Amino acid sequence: GVYNYRVRTNNGQLIEGNTGDVTITFETAGDYNIDITGVFPKNNFNNTGDKDKITSVNKWGIYGLKDDGNFETNQSSAFYGCSNLTSIASDLDNINLIINGTSMFRECLLTSLPSVMELPLLTDGTFMFSSNPLTLPSSMILDNLSNGNGMFNGCVLTDLPSGMTLPNLSNGASMLTNNTINKTRFSQLLVDLESGNSNNSVIFNGGSSKYNVTGQTARDILTGATR
């Protein structure tokens, strides 16, 4: 994308007219606040550079604003590998408009997500939250999600939002690998997939989750064991 932004730091630095990467040098080690304004479509840590130095996003503001004033809906790899990123802000007006979130928060350290994180337009969540030890907000239903490959891989989830039925999922390979969703909730997910998802040949990995009798009936239909 096109960038034209300025950076302010809480120790008085101002760096203006930036159209590419910027390196900020501090005289002493410590925690600093960095404010970015202007045209800034996305971060692009992508598991490189100073990825381990960011610890939180305190405010999104107009994060993702492109030069034409529209939000950048492709946030792939934005914070990938930021292993010390433990929290993100809850002003998610733009973040909830993401369409492609591939590896956006992959291998961060988020233990929870804002209660207002809905991601109603997300279609590609490939490895989006992989390896974060988090819980999911009840608002996250992912009705438009098509590619959920590895989305929650290694998150150690035990529950899912009750409204998450995944009606448009076409690829759920490794989606819940290394998770164990409780039996009642996982069984309901199988029932919802059987009744509400019309896609064929959907690959789905439920991790170590187990199902009850009702869940088995739905699973048998999904896998072709019964017709």
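These figures come from a predicted structure and were not determined experimentally. Numbers for residues simply follow the sequence, beginning at 1.
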Using every non-hydrogen atom in the two residues, find where D159 and I181 come nearest and quote the distance to one decimal. N-CD1, 3.9 Å
Given side chains that start at C-beta, do those of P120 and D143 come closer than 4.5 Å, heavy atoms only? no
Mind checking whether L176 and V156 sit in one hydrophobic cluster, side chains of I, L, V, M, F, W, Y counted as touching below 4.5 Å? no
Answer yes if I54 and I15 sit in the same cluster of Ile, Leu, Val, Met, Phe, Trp and Tyr residues linked by side chain heavy atoms under 4.5 Å apart, and no otherwise. yes
Is there a side-chain contact (heavy atoms from CB on, under 4.5 Å) between I95 and M104? Walk through the geometry before answering. CA-CA 11 Å; I95 299 301; M104 184 178 181; 4.2 Å; yes
Looking at S76, is its backbone amide N or carbonyl O close enough to the side chain of T102 to form a donor-acceptor pair, meaning the two atoms are under 3.5 Å apart? no
May I ask you to decide if T158's main-chain N or O and N182's side chain share a donor-acceptor pair within less than 3.5 Å? yes
Any donor-acceptor pair under 3.5 Å linking the side chain of D91 with the backbone of K59? no
On a heavy-atom basis, which atom in L122 and which in M128 lie closest, and how many Å separate them? CD2-SD, 3.8 Å
Minimum side-chain heavy-atom gap F129-L136 below 4.5 Å: no
How many angstroms lie between atom CG of N132 and atom CG of N153, to the nearest 0.5 angstrom? 11.0 Å
Full working for ring pair (Phe, Tyr, Trp, His ring centres under 6.0 Å) between F45 and Y80: CA-CA 6 Å; F45 284 102; Y80 176 19; over 10 Å; no
Evaluate side-chain contact (heavy atoms from CB on, under 4.5 Å) for I24 paired with Y32, printing each intermediate quantity in order. CA-CA 11 Å; I24 306 170; Y32 296 91; over 6 Å; no
Distance (rounded to the nearest 0.5 Å) between N197 CG and S170 OG: 8.5 Å
Without swapping roles, check the side chain of Q13 against the backbone of T25 for a donor-acceptor pair under 3.5 Å. yes
N/O donor-acceptor pair under 3.5 Å between N96 side chain and L119 backbone: yes
Between N46 and T48, is there a side-chain donor-acceptor contact under 3.5 Å, judged purely by atom types and distance? no
Following the transitive rule for hydrophobic clusters with a side-chain heavy-atom cut-off under 4.5 Å over Ile, Leu, Val, Met, Phe, Trp and Tyr, establish whether M117 and I62 coincide in one cluster. no
Closer than 3.5 angstrom, by distance alone: can the side chain of N10 be matched with the main-chain N or O of N33 as a donor-acceptor pair? yes
When you measure from the side chain of K42 to the backbone N and O of S77, does any donor-acceptor pair fall under 3.5 Å? no
What is the minimum heavy-atom distance between N212 and S187, and which atoms define it? N-OG, 2.8 Å
Of all the heavy-atom pairs spanning V57 and L85, show the shortest one and how long it is. N-CD1, 4.0 Å
Separation between CD (Q188) and CG (L160), nearest 0.5 Å, reads 11.5 Å
Of all heavy-atom pairs linking S174 and N205, the shortest is N-CB, 3.3 Å
Describe, in one word, how the ring planes of F40 and Y63 are oriented to each other, choosing from parallel (under 30°), tilted (30 to 60°) and perpendicular (over 60°). tilted
Using 0.5 Å steps for rounding, measure from the CG atom of L222 to the CZ atom of F204. 9.5 Å
Any idea how W60 and F79 line up, ring-wise: parallel (<30°), tilted (30 to 60°), or perpendicular (>60°)? perpendicular
Going by atom types only, do T37 and R6 share a side-chain donor-acceptor pair under 3.5 Å? yes
Euclidean distance, E72 CD relative to D67 CG, rounded to 0.5 Å: 10.0 Å
Counting only heavy atoms from other residues, nucleotides and ligands, does the tally under 6.0 Å from CD1 of I203 exceed 12? no
State whether the side chain of D35 and the backbone N or O of R8 hold a donor-acceptor pair below 3.5 Å, judged by distance alone. no
Ignoring hydrogens, what is the shortest heavy-atom contact between L145 and T123? Give both atom names and the distance. CD1-O, 3.7 Å
May I ask you to check whether S83 and D52 show a side-chain donor-acceptor distance below 3.5 Å? yes
Rounding to 0.5 Å, atoms CG (L134) and CG (L157) come to a distance of 6.0 Å
Quiz question: by atom type and distance under 3.5 Å, do the side chains of N11 and T9 form a donor-acceptor pair? yes
Checking the side chain of N58 only, and the main-chain atoms of A89 only, is there a donor and an acceptor separated by less than 3.5 Å? no
Tell me whether F127 is reachable from L166 by hopping between hydrophobic residues (I, L, V, M, F, W, Y) whose side-chain heavy atoms are closer than 4.5 Å. no
CZ (R185) with more than 12 external heavy atoms under 6.0 Å: yes
Does I141 share a hydrophobic cluster with L113, counting links as ILVMFWY side-chain heavy atoms below 4.5 Å and allowing steps through other members? no
Without swapping roles, check the side chain of Q75 against the backbone of N43 for a donor-acceptor pair under 3.5 Å. no
Considering only heavy atoms from C-beta outward, does the side chain of N179 approach that of C155 to under 4.5 Å? yes
For atom CG of D68, is the number of surrounding heavy atoms from other residues, nucleotides or ligands below 6.0 Å larger than 12? yes
